[in-house]
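Heavy atoms only: backbone and side chains are in, while hydrogens, waters and symmetry mates are out. First the proteins, then the strands, lettered A, B, ... as listed; each starts at 1.
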Amino acid sequence: MKTHCQRLALICTIYKVRDTKEYLQESSAPVIILTMLDYKFIKENLEAVKQNIAERYMQADADRVVSLYDERNTLLRELEEQRKNRNENALSMKGKLDPETRAAKIEEGKQLKEKIAALEARLAEVEAQLHAEGMRIPNMAHPDAPRGKEDKDNLEIKRVGAPTVFSFEPKDHVQLGQELDLIDFDTATRVSGTKFYYLKNEAVLLEMALVRFALEKLRSKGFTLFETPDIARTEILEGIGFNPRGAESNVYTIEGEDTCLIGTAEITLGGYHSGSILEKSTLPLKLAGVSHCFRREAGAAGQFSKGLYRVHQFTKVEMFVYTLPEDSDAMHEQLRLIEEEIFSDMGIPFRVVDTCTGDLGAPAYRKWDLEAWMPGRNNGEWGEVTSTSNCTDFQARRLNVKFKDDDGKNKYVHMLNGTAIACSRAIIAIMENFQQADGSIRIPDVLVPFCGFSEIRRKG
RNA sequence: GGAGAGAUGACCGAGCGGCCGAAGGUGCGCGAUUGGAAGUCGCGUGUACUCCUAAAGGGUACCGAGGGUUCAAAUCCCUCUCUCUCCGCCA
């Protein structure tokens, strides 16, 4: 395993940044929307940015961003010059003047006013285009992240436990849920629509137990616990990197409100410190939040949509961390290790996957997924249960979250997120891996104290 | 949902259309005084972008947001948002 410094040096080489210090201070991640620094990074590292876009199979025009950026700067300089003239002119007539001089100055002021208005209009146009193009540029990817297009190219880096072996024909969680009266999809479809579900009986307590187990674990590791709102403002969604609008958006928007149902507590936890300057000594800030998650999953029909795997609403315990830039790689590993610990503790077999560049979301610099063994999924398959991303300063720039460094300058923090427990998927893994020959389900030992029972059997 | 009040720097709080990036106070930092502390006194203390090789020093913008009036707006006008108080409703 490379040390952080070695990695940084490598990054700096790749991106042709002059030295590690500058990389850390100015632009450990590339894209911003509202401040010039990002554009500056894109301009100064154009080739690397373009290569990154290509490796992520995304549509973005870095060349156009640079030319718009240059145009914007030229206009801005001209505008500032004219404003300076205006201010000087106005200042020069605050005292007594003879009428003719005053009239002349007022005339000059009127002309300046028109010039400025014209420049402002052009600048606004260029900035709007720049913003629109800049928005499309994704975060840089970690040098070690596997290059590839789709999930097939993800790299398995670890396996814990082996796929469960049964002495009988295992059922899937849909069948188990029906036979044991734990999950009701049919009624939910009638009442709420497809991809909704009722949890019933022990499943309700199992979900609560999963939440309690995760919260207890995170509290012991220094996380501050939250139960967050399930709704957030659009601007926060966008800051985190979600696109609330558009046909392929996965987000439910609230009519007439400029707010959305959250798809993850990453949004509300990341928004928690938006617009603030954090005390350096308080970093890293580790938050854990329980929330409901709402996802439209439009167009995700088909055989994989059956059951709890892909649903419109579920409960999740999420980890979110604000760190110093130089600590984010190490923190990312810590988050992954916590996820591994949670699933190891429960005794669920899983593997860890290093997500390839083409499969990373735009904000992510690197992402690891935990995939649990799901015996009922296509006769046994790995299914994603958690995910942890290091988004470096991509989100921090958009949400304007900084810390005051020792040199007195305010710098962007790095933000990371990770799933502790996504209840619906954890329940699949438990039901399917812990089913027994007689059709009952054993509860993982670590959950028994939170559940209050150790087995789920057929009723009556 | 009804009625009223308000939004200024880390915080409190002034502010006449030009001398306001913004008085005063608190807090914070540095220094002096003290055996030490309190107290007192002095100095300093926003953000972003930009010019300059760098430093020093300039410039532009920001007084909830957006628009308007004006040669000139924290200050005048309009719209919106948010906050607070009271009433109603309510898990």
Side-chain angles (χ1 to χ4, degrees), chain A residues 18-19 21-22 25-27 30-44 65-66 68-128 130-131 134 227 229-239 253-260 271-282 292 393 396-413:
Chain A
R18 263 163 279 161
D19 58 49
K21 195 173 156 211
E22 180 179 334
Q25 285 180 344
E26 298 209 351
S27 31
V31 181
I32 293 180
I33 305 314
L34 297 174
T35 66
M36 297 196 54
L37 209 74
D38 311 294
Y39 297 128
K40 197 189 272 177
F41 179 89
I42 294 168
K43 183 175 176 174
E44 290 174 357
V65 169
V66 171
L68 283 167
Y69 173 62
D70 287 339
E71 190 180 348
R72 183 202 99 122
N73 285 351
T74 308
L75 277 171
L76 191 62
R77 232 169 292 136
E78 173 66 9
L79 178 62
E80 288 189 353
E81 183 65 28
Q82 295 306 325
R83 279 176 175 160
K84 182 185 175 188
N85 292 341
R86 176 196 63 191
N87 291 348
E88 281 173 355
N89 179 257
L91 205 64
S92 72
M93 63 179 118
K94 65 178 180 181
K96 278 182 186 172
L97 291 173
D98 63 83
E100 278 166 39
T101 315
R102 178 167 292 273
K105 281 185 181 295
I106 286 178
E107 185 51 39
E108 191 190 337
K110 282 185 178 175
Q111 282 175 17
L112 283 169
K113 188 179 166 182
E114 277 174 29
K115 256 193 214 172
I116 287 169
L119 281 168
E120 280 174 345
R122 275 176 61 202
L123 180 64
E125 214 174 285
V126 171
E127 283 196 322
L130 177 59
H131 180 263
E227 183 163 321
D230 288 338
I231 287 178
R233 295 180 190 281
T234 302
E235 66 199 64
I236 302 291
L237 273 280
E238 285 172 345
T253 55
I254 312 276
E255 191 176 349
E257 287 278 316
D258 203 32
T259 53
C260 307
Y272 194 81
H273 289 290
S274 61
S276 51
I277 297 169
L278 303 171
E279 206 51 61
K280 185 177 180 181
S281 62
T282 66
H292 295 109
D393 59 0
R397 285 175 193 282
R398 298 185 177 207
L399 292 171
N400 196 23
V401 185
K402 301 184 175 184
F403 69 98
K404 194 174 279 295
D405 207 350
D406 299 331
D407 60 9
K409 295 213 167 92
N410 295 332
K411 297 168 189 173
Y412 291 108
V413 300

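Under the Watson-Crick or G-U wobble criterion, with both distances below 3.5 Å, B/rA14 is left unpaired in every strand shown. If you check B/rC62 for Watson-Crick or wobble pairing at under 3.5 angstrom, you find it paired to B/rG46. Judged by Watson-Crick or G-U wobble contacts below 3.5 Å, the nucleotide B/rA32 has B/rU40 as its partner. The partner of B/rC89 cannot be assigned: no Watson-Crick or G-U wobble pair with both contacts below 3.5 Å exists in any strand. Base pairing annotation: B/rA73 forms no Watson-Crick or G-U wobble pair, as no partner gives both donor-acceptor distances under 3.5 Å. With a cut-off of 3.5 Å on both pairing distances, the Watson-Crick or G-U wobble partner of B/rA5 is B/rU83. Across all strands shown, B/rC20 has no partner, as no Watson-Crick or G-U wobble contact with both distances under 3.5 Å is found.
The P atoms of B/rC86 and B/rU47 are separated by 38 Å, rounded to the nearest whole Å. B/rU8 sits 15 Å from B/rA65 when the C1' atoms are compared, rounded to a whole Å. Look at the P atom in both B/rC52 and B/rA14: the space between them is 44 Å, to the nearest Å. Look at the P atom in both B/rG13 and B/rG17: the space between them is 23 Å, to the nearest Å. Atom P of B/rA10 sits at a distance of 13 Å from the matching atom of B/rG64, rounded to the whole Å. Of the C1' atoms belonging to B/rG24 and B/rG9, the separation is 13 Å, rounded to the nearest Å. B/rA74 and B/rC41 have their P atoms separated by 34 Å, with the value rounded to a whole Å. Here the separation of B/rA7 from B/rC76, taken at their P atoms, is 12 Å to the nearest Å.
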Nucleic acid footprint by protein, nucleotides 54-79 of chain B - heavy-atom cut-off 4.0 Å, B for base, S for sugar-phosphate alone: -----BBS--------BBS-------

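Checked by atom type and distance alone, the side chain of A/Arg398 pairs as donor or acceptor with a backbone atom of A/Glu238 at under 3.5 Å.
Atoms CG (A/Asn410) and C1' (B/rU45) sit 14 Å apart, rounded to a whole Å. Taking atom CD of residue A/Glu127 and atom P of nucleotide B/rA48, one finds them 18 Å apart after rounding to whole Å. Between the P atom of B/rC51 and the CD atom of A/Glu78 lies a distance of 15 Å, rounded to the nearest Å. Rounded to an integer number of Å, the gap from CD of A/Gln82 to P of B/rC51 is 17 Å. Rounded to an integer number of Å, the gap from A/Lys280 NZ to B/rA10 C1' is 20 Å.
In this structure, the side chains of A/Tyr69 and A/Ile42 stay at 4.5 Å or more apart for every pair of heavy atoms. No side-chain heavy atom of A/Leu79 sits under 4.5 Å from any side-chain heavy atom of A/Arg122. Here the side chains of A/Thr234 and A/Cys260 are in contact, with some heavy-atom distance below 4.5 Å.
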Determine, stepwise, if the pair A/Lys411 / A/Asp393 fulfils salt bridge (Lys or Arg N to Asp or Glu O under 4.0 Å). CA-CA 9 Å; A/Lys411 297 168 189 173; A/Asp393 59 0; over 6 Å; no

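Residue-environment remark: CZ (A/Arg102) exceeds the threshold of 12 foreign heavy atoms within 6.0 Å.
Listed by first and then second residue, the salt bridge (Lys or Arg N to Asp or Glu O under 4.0 Å) pairs that reach into residues 73-85 of chain A are A/Arg83-A/Glu120, sequence neighbours excluded.
Place A/Lys402 and A/Arg233 on RNA chain B by their nearest nucleotides, and A/Lys402 ends up nearer the 5' end.
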Output a table of donor-acceptor pairs, distance under 3.5 Å, between side-chain atoms of residues 103-115 of chain A and any protein atom two or more places apart or on a different chain; print 'none' if there are none.
from     : atom 1 : to      : atom 2 : distance (Å)
A/Lys105 : NZ     : A/Ser92 : OG     : 3.2
A/Glu108 : OE1    : A/Asn89 : ND2    : 3.4

